[in-house]
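Structure record follows, encoded as structure tokens.
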2 protein chains.
Amino acid sequence: MRGERGKRARSTILDVARLARVHPSTVSRILNDRPGLTLRPETRARVLAISKRLDYRPSALARSLRLQRTLTLGMLVPDIANAFLAGIIKGAEEACHERGYTLIVCNTADVPEREATYLRVLRERQVDGVLVASARLSDESIGSLLAERFPVALVNRGTHVDRGTRGNDDLWVHVDDRGGAVAAIDHLAALGHRRIAHVAGPQTTTTGRERLVGTRAALRRHGLTGTIVEAEAWSEVEGYRAARQLLRGDPPSAIFAANDLIAFGVLRAAREAGLDVPEDVALVGFNDIPEAALVDLSTVHVPQHEMGARAAELLIARAEGRPIAEPRILLETRLVARGSSAPAKERVTA
Amino acid sequence: MRGERGKRARSTILDVARLARVHPSTVSRILNDRPGLTLRPETRARVLAISKRLDYRPSALARSLRLQRTLTLGMLVPDIANAFLAGIIKGAEEACHERGYTLIVCNTADVPEREATYLRVLRERQVDGVLVASARLSDESIGSLLAERFPVALVNRGTHVDRGTRGNDDLWVHVDDRGGAVAAIDHLAALGHRRIAHVAGPQTTTTGRERLVGTRAALRRHGLTGTIVEAEAWSEVEGYRAARQLLRGDPPSAIFAANDLIAFGVLRAAREAGLDVPEDVALVGFNDIPEAALVDLSTVHVPQHEMGARAAELLIARAEGRPIAEPRILLETRLVARGSSAPAKERVTA
DNA sequence: CGCATTCGGGAAATCGTTTGCCCGAAGTCG
DNA sequence: CGACTTCGGGCAAACGATTTCCCGAATGCG
């Protein structure tokens with residue numbers, strides 16, 4: 001209509017005010033439903049009508065600038081394509097969305113430089129908080145955030161931050177890795193397995209360490225020793241590599257892999273070695289990513305969606321200054337027995 | 001130091017200006033390296049030093065408000081956990097990051113209501129453009145965007161938008177679905193297969209339709225008829241369901257699945273039916289997601305990363321008002337022959 | 001030496017909201 | 001009937017940058 005090129009800019013609160021013959025502040029109050037203000041219903045209706053007619057949408061930018069909060073959370077993840085992390089991201093995103101927050105997911109690829117860059121970007125954008133799922137985000141970056149009292153929540157990430165940083169009220173959501181490992185070993189032991197191996201995750205991560213600790217404890221309790229090999233990364237490829245090493249000699253009758261991806265690698269290695277799963281070797285993974293169900297892999301279930309959601313909720317509460325009853329959430333795991341773990345064959349040791 | 005609670009707010013450009021004894025505008029000019037301005041090196045150095053000392057970071061909010069651009073792109077995807085889309089997202093994210101842009105990924109779960117909500121959020125945040133990878137985003141939502149000349153780029157998404165919307169210069173990045181399907185069929189035919197089936201993708205998506213068209217054409221060219229069943233979604237589960245239907249009678253000697261997830265379903269169904277892949281039935285997928293390599297699935301490679309990156313580049317160019325030589329990019333596919341496709345067995349028809 | 005440039009940078013408007021304060025009119029109360 | 005509240009809403013100052021003018025001083029030129 002106005003301006004031949006259809007270049008009508010988005011309408012602002014001033015446009016609405018002008019047409020409704022009120023002051024912009026009045027429009028703001030009406031639209032935000034400010035309590036404690038008395039408005040004539042007629043005025044309110046008029047403003048509402050005009051604002052609808054103009055399809056007025058307040059600028060989040062201007063509002064954020066004024067309010068000093070952006071209703072935005074940042075999230076640092078090492079790999080968005082990782083199915084386990086994707087579950088967590090979805091949980092976080094959903095929780096954010098429900099509360100009117102927007103989530104900015106940053107893919108750090110586990111390289112410290114990118115982490116630092118992203119952290120800078122997020123702070124320039126004044127996000128209200130940061131969700132950290134990066135397994136080994138450099139402690140200094142995170143420490144400086146914590147030191148500035150910048151809202152941070154750690155998801156599925158180790159505890160090695162809280163040295164000097166009065167760490168008592170940082171936000172954590174993680175899962176009982178140790179308990180999950182114990183459950184896995186118990187499960188295999190209950191099936192009659194005595195020669196159980198563990199393909200551990202990278203010992204640079206707390207998750208990897210915790211699962212190993214649980215495994216060792218459970219094995220000991222069952223009076224077993226067990227072989228342990230370490231995968232250098234949480235990947236199928238590394239699992240495969242580690243498993244080949246494991247299957248060289250006389251193979252164990254059961255293998256507990258530190259996560260599902262590693263388990264997939266084990267599976268591939270076993271098949272290549274001519275071993276049938278579960279006939280010749282039982283296999284249990286960890287995390288219960290969607291693919292696990294597809295290949296019928298027994299695994300320790302981790303509530304990924306819930307982890308993400310709870311972490312986001314925690315962070316939002318903190319960002320909004322609400323008191324937090326339980327800043328550290330430890331979620332329970334649950335063993336999901338599928339086809340990859342069968343009872344041990346009767347024949348005694350080789 | 002100042003303020004016992006360490007509550008020092010982030011320093012602003014005014015703080016820098018004050019300490020450097022210059023006007024804020026000068027600080028801005030120096031930090032943004034505005035050309036055509038003459039500054040005494042001494043002043044510049046002083047400002048730079050102060051700004052470093054104060055660890056000054058300009059507020060992206062304030063700048064965006066003033067500049068009327070946010071250096072932010074939105075992206076609508078149906079499922080962030082889908083490996084294929086994850087590849088595209090990573091490509092887009094990386095391209096954005098390289099150019100100083102931030103990407104906000106929104107998970108629409110393919111429900112129109114969420115799409116609409118997210119679109120509103122993104123516009124309120126004044127993102128500079130939107131990347132749409134949602135396979136069937138309601139045309140009206142998208143149409144209204146296009147009508148307002150809001151920068152939009154379509155990734156791996158059909159063309160059925162450009163009816164009334166002068167669609168000549170919208171941005172597209174997609175892949176030669178038809179050609180890929182032809183390559184898959186050619187591959188199977190070259191291996192000697194004559195009884196080839198196709199598990200088609202949802203025909204509500206252009207991708208699904210295009211791949212079917214290519215398949216039909218190639219089959220015809222080889223003088224084959226071929227069985228066709230349709231999966232109702234791009235999922236393993238639907239692929240499984242469709243494949244069971246397919247394997248009931250006398251099974252084909254080769255199956256071309258419309259994407260890798262569907263192929264995985266086919267694989268499971270075949271195994272359950274006691275058929276060996278590739279011995280009894282050859283299998284080819286589409287997309288070449290990372291998992292395909294793991295299970296040794298032959299597939300049609302789609303440059304996911306490049307798709308995302310190119311789309312983001314296109315969109316950024318448009319958002320910045322740069323002329324775009326080629327607004328529609330069609331990327332080529334490439335057949336990756338792996339273990340799941342073997343030559344047909346010699347015995348003639350059943 | 002007078003005038004015009006160039007140098008080096010200051011002033012102020014602007015982006016679009018929100019909110020504390022203020023104020024006139026109308027109603028209430030004593 | 002006058003003082004005091006309550007109504008209904010206007011005013012203007014932020015929020016933190018960028019950018020278009022503008023201007024005094026120093027320099028160059030003739």
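Letters A, B, ... are given to chains in the order of the sequence lines, protein chains preceding strands, and every chain is numbered from 1.
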Distance in angstrom units between [X] [atom1] and [N] [atom2], rounded:
X	N	atom1	atom2	answer
A:R69	C:dT19	CZ	P	10 Å
A:L61	D:dG16	CG	P	14 Å
A:L54	C:dG16	CG	P	14 Å
B:H23	D:dG24	NE2	C1'	16 Å
A:R21	D:dG9	CZ	C1'	16 Å
B:L31	D:dG16	CG	P	16 Å
A:I13	D:dG9	CD1	C1'	14 Å
A:L14	C:dT14	CG	P	12 Å

Which heavy atom of A:T72 sits nearest to which heavy atom of A:Y101, and what is that distance?
N-CD2, 3.7 Å

What are the two closest non-hydrogen atoms of B:I324 and B:L314, and how far apart are they?
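Shortest heavy-atom contact: CD1-O, 3.6 Å.
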
Of the listed nucleotides ([options]), which one gets closest to any side-chain atom of [X]?
X	options	value
B:R63	D:dC11, D:dA17, D:dT19	D:dA17
B:R40	C:dG9, D:dG9, D:dT18	C:dG9
B:R34	C:dT19, D:dT19, D:dG10	D:dT19
B:A62	D:dG9, D:dA17, C:dG8	D:dA17

CD-CZ distance between B:Q68 and B:R63, expressed to the nearest 0.5 angstrom:
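Interatomic distance, B:Q68 CD to B:R63 CZ, rounded to 0.5 Å: 14.0 Å.
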
Select base, sugar-phosphate, or nothing to describe what B:S59 touches, counting heavy atoms under 4.0 Å on all strands.
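Contact class for B:S59: sugar-phosphate only.
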
Regarding A:R57, tell me which of base, sugar-phosphate or nothing describes its non-hydrogen contacts under 4.0 Å with the strands shown.
sugar-phosphate

Within less than 4.0 Å of OP1 or OP2 of [N], is there a side-chain N or O belonging to [X]?
X	N	result
B:S28	D:dT18	yes
A:S25	D:dG9	no
B:Q68	C:dT14	no
B:T43	C:dG9	yes
B:T12	D:dA17	yes

A:S11 vs B:P41, nearer the 5' end of DNA chain C by closest nucleotide
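Counting from the 5' end, the first nearest nucleotide belongs to B:P41.
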
Between A:L65 and B:R44, whichever has its closest DNA chain C nucleotide further toward 5' is B:R44

For the residue pair B:T102 and A:R125, confirm or rule out a side-chain donor-acceptor distance under 3.5 Å.
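Indeed, the side chains of B:T102 and A:R125 share at least one donor-acceptor pair under 3.5 Å.
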
Ion pair B:R10/A:E148, N-O distance below 4.0 Å:
no

Between A:E94 and A:K90, is the closest basic N to carboxylate O distance under 4.0 Å?
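Salt bridge flag = no for A:E94 with A:K90.
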
Given that B:R29 and B:Y56 both sit by DNA chain D, which one's nearest nucleotide is further toward the 5' end?
B:Y56

